[in-house]
Amino acid sequence: MKKTFKLSHPKIAYPRLIEATKSEVKKYLKRERNKSLPDYADFWGFDCKFGATEDSAEIIHVAQINEKISFAESQEWQAFYLEIIAAPAQRTKRPVSESNDVDDEE
């Protein structure tokens with residue numbers, strides 16, 4: 001999804017437009033996560049960008065999307081750009097730290 005959301009409408013209130021955009025994003029993420037994964041992947045990862053315009057968009061984590069939309073609402077932006085690209089990914093093991101082993105010996 002690469003979309004510029006317009007936050008101005010003659011008949012729809014501004015807070016309703018914000019909620020509608022959050023809902024649309026939530027539905028898109030759910031739809032993408034329900035697609036079948038390739039054999040080599042464990043989960044769907046998302047590459048996200050957010051900004052006032054496409055050129056000024058910065059890379060964000062998928063968990064920050066609602067926070068950024070709320071920020072746009074607090075600044076009363078008339079539009080914002082959101083890019084969400086689904087990519088299959090594999091989980092990696094966390095490295096075991098040696099400090100945990102020292103605590104276990106005591």
Side-chain angles (χ1 to χ4, degrees):
M1 166 194 281
K2 295 181 181 182
K3 186 172 182 180
T4 300
F5 290 91
K6 304 288 184 207
L7 300 177
S8 60
H9 192 275
K11 293 187 178 184
I12 301 174
Y14 190 75
R16 300 294 76 81
L17 289 170
I18 295 292
E19 292 303 316
T21 58
K22 286 181 180 180
S23 177
E24 184 176 341
V25 169
K26 183 179 174 183
K27 285 180 186 178
Y28 176 78
L29 291 172
K30 183 177 180 180
R31 187 170 47 245
E32 290 297 311
R33 285 184 177 126
N34 285 332
K35 290 184 178 179
S36 60
L37 283 166
D39 293 334
Y40 63 88
D42 296 331
F43 68 102
W44 285 108
F46 296 97
D47 300 326
C48 305
K49 289 184 179 182
F50 182 88
T53 63
E54 185 174 356
D55 297 332
S56 67
E58 297 178 352
I59 296 172
I60 63 169
H61 190 270
V62 69
Q64 295 176 309
I65 292 174
N66 275 348
E67 176 184 320
K68 294 292 185 179
I69 294 173
S70 295
F71 173 77
E73 179 183 17
S74 69
Q75 299 296 313
E76 297 182 3
W77 291 3
Q78 294 303 306
F80 66 86
Y81 174 78
L82 180 63
E83 179 178 318
I84 305 172
I85 306 296
Q90 280 188 314
R91 298 196 191 283
T92 57
K93 291 186 178 181
R94 292 185 182 170
V96 178
S97 64
E98 294 178 18
S99 62
N100 290 343
D101 295 337
V102 174
D103 293 338
D104 293 338
E105 293 174 3
E106 293 176 3

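- Using a 4.5 Å heavy-atom cutoff, the side chains of Met1 and Glu32 are not in contact.
- Taking both residues in full, the closest heavy atoms of Leu37 and Asp42 are given as CD1-O, 3.4 Å, listed atom of the first, atom of the second, then distance.
- For the atom pair CZ (Arg16) and CG (Leu7), the distance works out to 13.0 Å, reported to the nearest 0.5 Å.
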Step-by-step side chain to side chain contact (heavy atoms under 4.5 Å, CB included) determination, Phe50 to Leu82: CA-CA 5 Å; Phe50 182 88; Leu82 180 63; 3.9 Å; yes
Cys48 vs Gln64, side chain to side chain contact (heavy atoms under 4.5 Å, CB included): CA-CA, chis, key distance, verdict: CA-CA 9 Å; Cys48 305; Gln64 295 176 309; over 6 Å; no
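- In this structure, the side chain of Ser23 does not engage the main chain of Ala20 through any donor-acceptor pair within 3.5 Å.
- Heavy-atom neighbours of Gln75 CD from other residues, nucleotides or ligands within 6.0 Å: above the threshold of 12.
- Going from atom OG1 of Thr21 over to atom CG of Asn66 covers 8.5 Å, rounded to the nearest 0.5 Å.
- Here Lys26 contributes atom NZ and Glu19 contributes atom CD; the two are 10.5 Å apart, rounded to the nearest 0.5 Å.
- Within 6.0 Å of atom NZ in Lys22, more than 12 heavy atoms from other residues, nucleotides or ligands are found, so the atom counts as buried in its surroundings.
- Atom CG in Asp47 sits 11.0 Å away from atom CD1 in Ile60 (nearest 0.5 Å).
- Each ring pair (Phe, Tyr, Trp, His ring centres under 6.0 Å) pair with one or both residues in residues 2-45, not counting sequence neighbours, appears once here: Phe5-Phe80.
- Taking OH from Tyr81 and OG1 from Thr53, the interatomic distance works out to 10.0 Å, rounded to the nearest 0.5 Å.
- In this structure, the side chains of Ile65 and Ile84 come closer than 4.5 Å at one or more pairs of heavy atoms.
- Between Ala57 and Lys49, the closest heavy-atom pair is CB-CB, 4.0 Å.
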